[in-house]
Structure formats: C-alpha cells, structure tokens
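To start, the structure itself, in structure tokens.
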Amino acid sequence: MEKISSYQLFTLVFLYEIGSTIIFGFASSAGRDAWISVLISTFIGVIINIVYYIIFKLNRRSNLIGWFLAQFGIWIGTPIAYVYALEFIYDGSRGLADLEILLPSTILPKTPVLVIEFIFIFVITYALISGIEVIARLGEIFFPTIIFIFIIEVILICNSNMLNIQYIRPVLGKGWGNVWKAVWPLGITQTFGQTIEFTMLWPLVKKPEKIIKITTIATILAGVFIAFFDILSIMALGENTFSNSNFPLYRLIRLISVGDFIENLDAIGVIYFLTTAFFKASIHFFCATQAIEQLTFAKNKYMPIFIIVVIGLYLGLNMASSAAEHLQTGLKIVPLYLWIPLFYVLPIILLIVTVFRNKLGKKVKN
C-alpha cells in the first residue's frame, strides 16, 4: 500500500486549498472586507476538519467510503458513497472548465480549448497512474516554488507604487452583511469544505496521529495566504474593480512595473493557477478513483482511472455554454445545493450516528 509523509500531506492540503481560488478572488463579493470573509471561512474550515477527524478516529481510521458503509449499511451507505464519488469527478471537471475560461482569455487566446484540456488531462492521467506517492513528491517540490514566487511577487508589488491603503478603509464600513454573504455558503465550501476529500487519503498517512495538526496548520496557512492576496488586490485595484473582475490576481500581476523594466509578468499568475489547479484536479480524480475501486471491488486499477478522466474531460468541455453560466453555477447553485449537504450536513449526521452506535455497542457489551 502506498504511504505519504506528514509533510507531503501538508503540501497537498495547502496546494489543494489554494486551488483556483487565488486566481478568481476568494470572497470578492464582500468588497474591501473580503479578507475578513476569508479568515472566518478558514476558522469554520478548521472546525469541520476536526469533525472529519473525529469521525475518522471513531471509524477505526477508515476512509470516507468506509464510514458510510459501516454506519449506514450497504443499502443506504452505498448510494451515498456513490454520490461522493460522482461529486469528486464533478469537482475535478469544474477545475478543467476553469482552464477553459482563464487560458484562452489571457495568454493562449488562439489555442483551441480542446488542446489545452487534453494536454492537462493527459498530465493528470499520468500522475494518477503513477500513484499518490508521486503526486505527493511533486507537492514537496512545488510548495517551496510557490512560496518563493509569492515572496518575489510581493516584493515587486510593493516596489511598483500601486498600493493604496485607503482602499481597504474603513474596515466593516458597510457592516457584516456582505461579509457573511461571502462566507455562506460559498466561503465555507469552495475550498475548506472540499477538504473532506482528504479523508480518502488519511488512511495512507504514515503517522495518522499527526493528521489533524498538519491539516489545521495547512488550512490556516492557506487561509492567511488567500487573505493576504485579497488585501493586495484590493489595495491595488480598488474595491469595485476587485469585486467585478473575474481574475483579480491576474490583473494585479499585470500592474507590476518596476523601473519600466520589470513588467508584463502575466505568466506568474498562470503558473500559480496551473500548478494549484493541477494538484486540486489530481486529488479530485484520485479520490474518485479510490472510491470507485472500493465500491466496485475493481481488480484492475487502470480501468477506473481511464473511465473517470474521460468522463471528467467530457464534463469539463461541456459543463456550461458560457463563462458567465459556469461562474454563476459555481458561485450560486453548487455551494448551496451540493456542497453544503455533502460537506456539512451529511458528515454531521454521520458523526451523530457513529457516536450513538458506539455508545449503544458499549452498553450491549456491558
């Protein structure tokens, strides 16, 4: 069985939670108070991960699919488990659809979308065949790279004379209304609630006793990272531009100009997106593969991979008829009607059932 280290888990959680969020502008609907929404969402994300870990321990460190099968039985647990597997595929497909929006409208305007997504899914397929250990090692390599680029980018932004602290004042000048709207339901699901997928990886961690500590640290670091970028974007672009832009980070990077020499650094934004999008999509599809293998008792591990990536590619290309429709679905419909039930409601019900059955089992033994 493949195993990953605590540090590898940390890098994967961090890169996964950054995902495409950093490009699209997390909680941008909250305007200049977006960073507050990010921090609140991060705190709630830590809490729900603690809930997942409690369920993990109560179910003898099995994975998400095993939880529902053990506590709800075959007839109820199996359909629910399949819903999670399909949701993982859908989320991975949404990551591919994000590519369809960003790349053609930025650095690859003349490249066919099919070519872009085919190359991306080919790389993901190769990673899935190689296994989670290879993906985790890639995380070890790319994590310091992303941090290094981040530090260089901050230095360049601060030396471009484009930051205005007045753009983030007054804090909570419009009250808590917009802040909470950005937190619920999108803020607590888009990045932090999605980490329920890592419960599929937790049984593979070499030191399971460190899982919750590592996950919490990675979640907090990712939240602070996203909040900091929101602040920089607001201070550079202003509240209205930040809220109305599809790619505020990309626009922020394009503004970098140091001595009329260092400028046009569009590729940095694309590197951020492609790197984090690769890890997020890879984990989506890997967890879907693990779930399908477990539910179907598949002996050939390659067949589920090929089926899932083909479905993912098809959905990514045909998910929405326009960028506006894709974003509207992802911002308004999916979080409330899909993610909240799967990331919060069902796990809390599962926790209650698990605790009740464990107590009932102890009474029967006594």
Task: Inter-residue atom distance Leu346.CG - Leu351.CG, 0.5 Å rounding - done: 12.5 Å
TODO: Mind checking the CG-CG spacing from Asn358 to Asn59? Nearest 0.5 Å is all I need.
DONE: 7.5 Å
Ignoring hydrogens and angles, state whether a donor on the side chain of [X] or [Y] is under 3.5 Å from an acceptor on the partner side chain.
X: Thr215; Y: Asn49; value: no
X: Trp339; Y: Glu87; value: yes
X: Asp91; Y: Gln194; value: yes

- [ ] State, yes or no, whether a side-chain contact exists between Glu117 and Leu313 at a heavy-atom distance under 4.5 Å.
- [x] yes
Is the distance between the ring centroids of [X] and [Y] less than 6.0 Å?
X: Tyr167; Y: Phe242; value: no
X: Phe56; Y: Tyr52; value: no
X: Tyr16; Y: Phe198; value: yes

Open item on the list: Classify the ring geometry of Tyr7 against Phe10: parallel below 30°, tilted from 30° to 60°, perpendicular beyond 60°.
Closed with: parallel
Task: Phe150 and Phe225 aromatic ring geometry - parallel, tilted or perpendicular at 30°/60° bounds - done: tilted
- [ ] Report, as yes or no, whether the 6.0 Å neighbourhood of atom CZ on Phe43 holds more than 12 heavy atoms from other residues, nucleotides or ligands.
- [x] no
